[in-house]
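See structure below.
As a basis for the values below, the full set of heavy atoms in this structure was taken, side chains included, without hydrogen atoms, waters or symmetry mates. Labels below follow one simple rule: chain letters A, B, ... track the order of the sequence lines, proteins then strands, and each chain is numbered from 1.
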Number of protein chains: 2
Amino acid sequence: MLNEKFDRYSFILDQTAKKVKQFAQSSFTEKGFDITVDQWAVLKALYENEQLSQKELAKRCGKDQPTLTRIVDILLKKGLAERFIDETDRRSLYLHLTEEGKLKVASLSPIVAEIRMKAWEKLTEKDFEDFTRILNTIYHNLNA
Amino acid sequence: MLNEKFDRYSFILDQTAKKVKQFAQSSFTEKGFDITVDQWAVLKALYENEQLSQKELAKRCGKDQPTLTRIVDILLKKGLAERFIDETDRRSLYLHLTEEGKLKVASLSPIVAEIRMKAWEKLTEKDFEDFTRILNTIYHNLNA
DNA sequence: TAAATATATTTGTCATACTAAATATTTGTA
DNA sequence: TACAAATATTTAGTATGACAAATATATTTA
């Protein structure tokens with residue numbers, strides 16, 4: 001393959017990832033959700049799987065531990081989650097959502113799903129499959 | 001299309017964009033390049049087009065103006081670029097690379113091109129075309 | 001069992017992203 | 001021409017991302 005063509009794929013990739021996040025964030029803000037997209041990702045992961053340790057949660061959300069710690073700090077301040085020491089391994093902390101946190105996820109989920117679909121207008125199922133396959137391949141090529 | 005399938009495309013997109021950046025950054029660091037990937041993007045844009053105003057440069061690099069200002073500040077500190085007032089419009093600043101900056105871009109360019117190819121192993125030209133087409137479509141769907 | 005090693009989390013530092021507000025300058029308009 | 005509006009840049013504040021180092025606790029090993 002010609003090298004020159006690849007000049008800017010990482011630029012387009014980066015810009016599109018940013019745009020997806022921006023679009024979601026501005027929809028959140030517009031609807032008065034009062035959380036960031038990253039905070040949403042953590043809330044959603046917790047909603048689907050309570051009792052995760054912070055380490056497991058970080059992995060599921062694709063975030064490193066320092067970043068996760070700070071996002072969780074914010075969720076605590078907002079009263080959406082609580083942190084507990086795991087008595088079987090006192091190094092570990094586990095988390096669960098407060099009632100308010102659960103309500104927030106339940107009420108936002110359908111709206112988030114809607115927001116997500118906007119990106120796929122004018123694209124086909126095949127496009128979606130190709131897209132995720134290619135992204136996964138790139139990821140694994142660079143993860144060796 | 002079924003909504004559920006789209007659950008995590010933004011996650012994969014985000015993780016892959018991060019991985020591409022990390023891979024490039026660790027290659028830079030390993031080779032002792034002493035710049036970040038974002039600083040590289042700005043240097044490259046300047047190399048290909050001197051006399052850009054900061055505003056134009058920001059646009060070309062896909063960065064907002066405050067971010068660009070800070071990246072440029074770092075490039076100045078590193079002695080890679082210089083900033084000048086545009087006397088035809090004293091609000092504007094334009095930039096150009098120092099000799100050291102030009103040398104840096106010239107010497108890094110081929111290595112960066114190599115790094116970039118790694119992502120495309122096991123993928124075809126058609127994949128590349130589909131990928132960029134889909135990314136562009138998503139971008140424009142969300143940019144309206 | 002004491003010491004070394006490993007693990008989970010946090011803290012610190014720097015770089016980047018986004019928003020809003022401040023500053024300087026220019027342009028448009030009454 | 002004076003004033004209002006627009007534009008280019010910077011500054012400030014908050015959130016996130018990456019990486020290194022610090023802390024506390026567990027596990028392994030001599």
Side-chain angles (χ1 to χ4, degrees), chain A residues 11 14-30 33-43 51-78 83-95, chain B residues 11 14-30 33-43 51-78 83-95:
Chain A
F11 178 76
D14 196 61
Q15 294 297 302
T16 305
K18 261 196 225 170
K19 179 62 72 181
V20 168
K21 198 167 178 177
Q22 281 169 7
F23 181 81
Q25 188 64 60
S26 69
S27 303
F28 280 24
T29 303
E30 190 188 315
F33 284 2
D34 192 34
I35 55 172
T36 67
V37 171
D38 296 285
Q39 288 160 23
W40 167 255
V42 174
L43 282 177
Q51 295 293 101
L52 286 178
S53 74
Q54 292 197 177
K55 186 184 174 63
E56 290 163 331
L57 185 57
K59 194 172 176 187
R60 243 167 236 260
C61 298
K63 301 192 178 298
D64 60 17
Q65 288 198 54
T67 298
L68 186 84
T69 292
R70 281 160 187 141
I71 292 175
V72 169
D73 287 343
I74 294 170
L75 297 179
L76 302 193
K77 261 189 220 142
K78 290 184 176 173
R83 191 143 48 183
F84 300 89
I85 291 177
D86 178 350
E87 293 297 343
T88 69
D89 180 348
R90 296 178 50 77
R91 290 169 306 184
S92 280
L93 300 171
Y94 65 92
L95 299 155
Chain B
F11 178 76
D14 197 60
Q15 295 297 302
T16 305
K18 264 195 222 169
K19 178 63 73 182
V20 168
K21 198 166 178 178
Q22 279 171 9
F23 181 81
Q25 188 63 59
S26 68
S27 304
F28 279 25
T29 304
E30 190 188 315
F33 285 2
D34 192 35
I35 54 172
T36 66
V37 171
D38 296 286
Q39 287 159 26
W40 167 255
V42 175
L43 282 178
Q51 297 291 101
L52 286 179
S53 74
Q54 291 197 179
K55 187 183 174 63
E56 290 164 330
L57 184 56
K59 193 172 178 189
R60 243 166 236 260
C61 297
K63 302 194 177 300
D64 58 26
Q65 287 197 55
T67 298
L68 187 84
T69 293
R70 280 160 188 137
I71 292 175
V72 169
D73 286 344
I74 294 170
L75 297 179
L76 302 193
K77 264 191 217 140
K78 290 184 174 171
R83 191 144 46 184
F84 301 88
I85 291 176
D86 178 350
E87 293 297 340
T88 69
D89 180 347
R90 296 177 50 78
R91 291 169 305 184
S92 280
L93 300 172
Y94 65 92
L95 300 154

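Residue B/Lys63 places at least one side-chain N or O closer than 4.0 Å to OP1 or OP2 of C/dA17. Phosphate contact (OP1/OP2 of D/dA8, side-chain N/O of B/Gln65, threshold under 4.0 Å): absent. In this structure, B/Arg83 reaches the D/dT10 phosphate: one of its side-chain N or O atoms is under 4.0 Å from OP1 or OP2. Listed pair A/Gln39 / D/dT16 meets the phosphate criterion, a side-chain N or O lying under 4.0 Å from OP1 or OP2. Dashed line: the shortest gap from a side-chain N or O of A/Lys18 to OP1 or OP2 of C/dA17 is under 4.0 Å. A close approach under 4.0 Å does occur between a side-chain nitrogen or oxygen of B/Gln22 and OP1 or OP2 of D/dA18.
A/Arg70 contributes a side-chain N or O that forms a donor-acceptor pair with the base of C/dG12 under 3.5 Å. Below the 3.5 angstrom threshold, one finds no donor paired with an acceptor across the side chain of A/Arg91 and the base of C/dT9.
Looking at the side chain of B/Pro66, the nearest of the listed nucleotides D/dG17, D/dA26, D/dT11 is D/dT11.
Across the protein-nucleic acid pair, B/Leu57 atom CG and D/dT9 atom P stand 9 Å apart, rounded to whole Å. When the P atom of D/dA20 is taken as reference, atom CG of A/Asp64 falls 12 Å away, rounded to whole Å. Between A/Lys55 atom NZ and D/dA24 atom C1' there is a gap of 15 Å when expressed in whole angstrom units. Rounded to whole Å, atom P of C/dC18 lies 9 Å from atom NZ of A/Lys19. Taking atom CG on A/Leu93 and atom P on D/dA24, their separation rounds to 14 Å, with Å as the unit. Nucleotide C/dC18 holds its P atom 11 Å from the CD1 atom of B/Ile71, rounded to whole Å. For the pair A/Gln15 CD and C/dA17 P, the computed distance is 9 Å after rounding to whole Å. Computed from coordinates, the B/Lys77 NZ to C/dA15 C1' distance equals 11 Å when rounded to whole Å.
Annotation: side chain of A/Leu95 is not in contact with side chain of A/Gln51 (no heavy-atom distance under 4.5 Å).
Using bins of under 30°, 30° to 60° and over 60° for the plane-to-plane angle, the ring pair B/Phe33/B/Phe28 lands in the tilted bin.
Using the Watson-Crick or G-U wobble rule with both distances under 3.5 Å, C/dT5 pairs with D/dA26.
Checking A/Asp38 against A/Asp89, the closest nucleotide of DNA chain D that is more toward the 5' end is the one next to A/Asp38.
B/Gln54 comes within 4.0 angstrom of the backbone, heavy atoms only, and of no base. Nucleic acid contact for B/Thr36: sugar-phosphate only, since backbone atoms but no base atoms lie under 4.0 Å from a heavy atom of the residue. Within 4.0 Å (heavy atoms only), B/Thr67 reaches at least one base atom of the nucleic acid. Residue contacts shown for B/Leu68 are absent, as no nucleic acid heavy atom lies under 4.0 Å away.
Of the charged side-chain nitrogens involved, none lies within less than 4.0 Å of a carboxylate oxygen, so that B/Asp14 and A/Lys18 do not count as a salt-bridged pair. Between A/Asp38 and A/Lys21 a salt bridge is recorded (basic side-chain N to carboxylate O distance below 4.0 Å).
Checking side-chain atoms of A/Thr67 against main-chain N and O of A/Lys63 turns up no donor-acceptor pair under 3.5 Å.
Summarising the geometry of B/Cys61 relative to A/Gln15, their closest heavy-atom pair is O-NE2, 3.9 Å, with the distance given to 0.1 Å.
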